[in-house]
Amino acid sequence: MAKDLATYKKIYKQLMKEESDIDDTDYGQCSPAIISGGKFRLLLYARDVSSLIHELSHAVFFIFNHCGIKASTTNTEPFCYLIDHLFGEIVKRGKIKLP
């Protein structure tokens, strides 16, 4: 997760080889980047916690699609557990501070 918009735009350009069209009116963005060997990276930017959860939802849907998991045919637990895990990693790494 990028700590601010400038960092997001810099990393986005490195990963995607193009400029990001995000600006300071946007609350967040999730940008998946496919890299070699079937691996991928998810670049996230969010101005607040609710936007982060929104962008993490996009990330989980990308991961599910990449792995061939149909979110509509599973119960909600895989989605919820993955959001929980990703959010926990962001908090643990100090990318956001909770009140």
Side-chain angles (χ1 to χ4, degrees):
M1 180 171 155
K3 64 182 178 177
D4 56 46
L5 185 57
T7 303
Y8 175 87
K9 291 179 106 173
K10 179 181 176 184
I11 297 170
Y12 183 96
K13 186 172 184 179
Q14 291 171 345
L15 286 175
M16 307 299 188
K17 311 295 186 226
E18 64 185 32
E19 299 289 336
S20 169
D21 62 356
I22 191 172
D23 62 35
D24 60 0
T25 63
D26 295 307
Y27 281 82
Q29 191 168 41
C30 173
S31 300
I34 305 291
I35 55 178
S36 63
K39 296 179 183 178
F40 58 88
R41 290 187 179 167
L42 295 166
L43 175 60
L44 295 173
Y45 165 72
R47 289 197 319 193
D48 53 40
V49 175
S50 61
S51 297
L52 175 59
I53 298 302
H54 175 99
E55 298 307 328
L56 284 173
S57 297
H58 287 300
V60 171
F61 282 120
F62 173 82
I63 292 167
F64 278 15
N65 288 336
H66 185 75
C67 296
I69 300 168
K70 294 190 187 298
S72 62
T73 60
T74 65
N75 68 24
T76 59
E77 289 302 310
F79 180 87
C80 295
Y81 278 118
L82 188 50
I83 288 243
D84 181 8
H85 173 74
L86 294 173
F87 185 80
E89 285 296 312
I90 290 169
V91 171
K92 182 171 74 175
R93 295 168 191 237
K95 300 293 183 177
I96 64 165
K97 291 186 173 112
L98 297 176

Identify all side-chain donor-acceptor contacts of residues 86-94 below 3.5 Å with residues at least two apart in sequence or on another chain.
| unit_1 | atom_1 | unit_2 | atom_2 | d |
| --- | --- | --- | --- | --- |
| E89 | OE1 | R93 | NE | 3.2 |
| E89 | OE1 | R93 | NH2 | 3.1 |
| E89 | OE2 | K92 | NZ | 3.0 |

Taking atom CZ as the centre, does R41 end up with more than 12 heavy-atom neighbours from other residues, nucleotides or ligands that are less than 6.0 angstrom away? no
When every non-hydrogen atom of H58 is compared with those of C30, the smallest separation belongs to CB-CB, 4.0 Å
If you round to the nearest 0.5 Å, how far is NE2 of H85 from SG of C80? 15.0 Å
Output all residues satisfying salt bridge (Lys or Arg N to Asp or Glu O under 4.0 Å) with K13, sequence neighbours left out; order by chain, then residue number. E19
At their closest point, which heavy atom of S51 faces which heavy atom of A46, and how far apart are they? C-CB, 3.8 Å
How far apart are the closest heavy atoms of D26 and D21, and which atoms are they? OD2-O, 4.3 Å
Are the side chain of N65 and the backbone N or O of F61 linked by a donor-acceptor pair below 3.5 Å? yes
Would a hydrophobic clustering, with Ile, Leu, Val, Met, Phe, Trp and Tyr connected at side-chain separations under 4.5 Å, put L56 with F40? yes
In the hydrophobic cluster built from side-chain contacts under 4.5 Å, what are the other members alongside Y45? L5, Y8, I11, Y12, L15, M16, I22, L43
For M1 and L52, work out which heavy atoms get closest and say how close. SD-CD1, 3.6 Å
Distance in Å, H54 NE2 paired with Q29 CD, rounded so as to fall on 0.5 Å steps: 10.0 Å
Around atom CZ of F62, are there more than 12 heavy atoms from other residues, nucleotides or ligands closer than 6.0 Å? yes
